[in-house]
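Step one of this worksheet: look at the structure below.
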Amino acid sequence: MKSEPAEFGIDDLAASPDQTTHWDGVRNYQARNMMRDRMRVGDRVFFYHSNAEPPGIVGIAEVVWEAYPDHTAFDPQDKHHDPRSDPAKPRWFMVDVRLVRKLARLIPLSELKAQPALAELALLRRGNRLSIMPVTPDQWAAILAMETPPA
DNA sequence: GCCAACGTTGGC
DNA sequence: GCCAACGTTGGC
């Protein structure tokens, strides 16, 4: 899951009550479907800092509540207001995620790109702009192995 | 700040 | 259903 640290970074998650947040504001159908159809309680996710210097993976979080309507879509005052989302038939959903831990270091995008085991990582697909993407178990392990940099 | 990539919108 | 225009994302 990507987030801009200037908006909501890993330290904001760490400072949240119960170190938990609603992943609100997703207004992309593929990302929505990922949350609604694929994410289940107990699933783990990498927390990625986009639009950051450097961009990269900074932590691990866990799904603690499955998809439910994103109420920010109903709020005319909200930045992500979407009048097409009807409370009786919500268009947008969110999940709750809780911090598991910050990584020992930020794993930069540049290193992810250089890792052969991650050649198929959705995050690295050309022109990718999705804010939520799947990670396979093998990819997960390969990324975690990068947490400790080579001596 | 630039700009490639790509999703969405809306006229037809 | 097509597709041009437009807006957004996000690395650089």
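Labels below follow one simple rule: chain letters A, B, ... track the order of the sequence lines, proteins then strands, and each chain is numbered from 1.
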Check your understanding: Name the stems with DNA chain C in them: runs of three or more consecutive Watson-Crick or G-U pairs, distances under 3.5 Å?
Key -> B:1-12 with C:1-12
Produce the list of close N/O pairs, under 3.5 Å, pairing protein atoms with atoms of nucleotides 7-9 of chain C; give distances to one decimal.
| from | atom 1 | to | atom 2 | distance (Å) |
| --- | --- | --- | --- | --- |
| C:dT8 | O2 | A:Arg129 | NH2 | 3.1 |
| C:dT9 | O4' | A:Arg129 | NE | 3.4 |

Practice item. For A:Tyr48 and C:dG10, give me the distance from atom OH to atom P, rounded to whole Å. Key: 8 Å
Review point. Is the ring centre of A:Phe47 less than 6.0 Å from the ring centre of A:Trp23?
Key: yes
Revision key, fill the gap. Atom CG of A:Leu109 and atom C1' of C:dG10 are separated, to the nearest Å, by 10 Å
Review point. Tell me, do A:Asn128 and A:Lys2 make a side-chain contact under 4.5 Å, heavy atoms counted?
Key: yes
Practice item. Just call it for A:Arg84: base, sugar-phosphate, or nothing, with non-hydrogen atoms closer than 4.0 Å on any strand. Key: sugar-phosphate
Practice item. Could you tell me whether A:Glu62 and A:Arg101 have a side-chain N and a carboxylate O separated by less than 4.0 Å? Key: no
Point to revise | For atom CG of A:Leu124 and atom P of B:dA4, their distance in whole Å | key: 21 Å
Exercise for review: Tell me, yes or no, whether the heavy-atom count around A:Arg98 atom CZ, taken from other residues, nucleotides or ligands under 6.0 Å, exceeds 12.
Suggested key: no
Review point. What's the NZ-C1' distance between A:Lys113 and C:dG11, to the nearest Å?
Key: 6 Å
Review point. Does A:Asp43 pair with A:Arg38 as a salt bridge, N-O distance under 4.0 Å?
Key: no
**Study point:** Student check: side-chain heavy atoms of A:Leu109 and A:Leu124 closer than 4.5 Å
**Key:** yes
Review point. Salt bridge between A:Asp70 and A:Arg91, side-chain N to carboxylate O under 4.0 Å?
Key: no
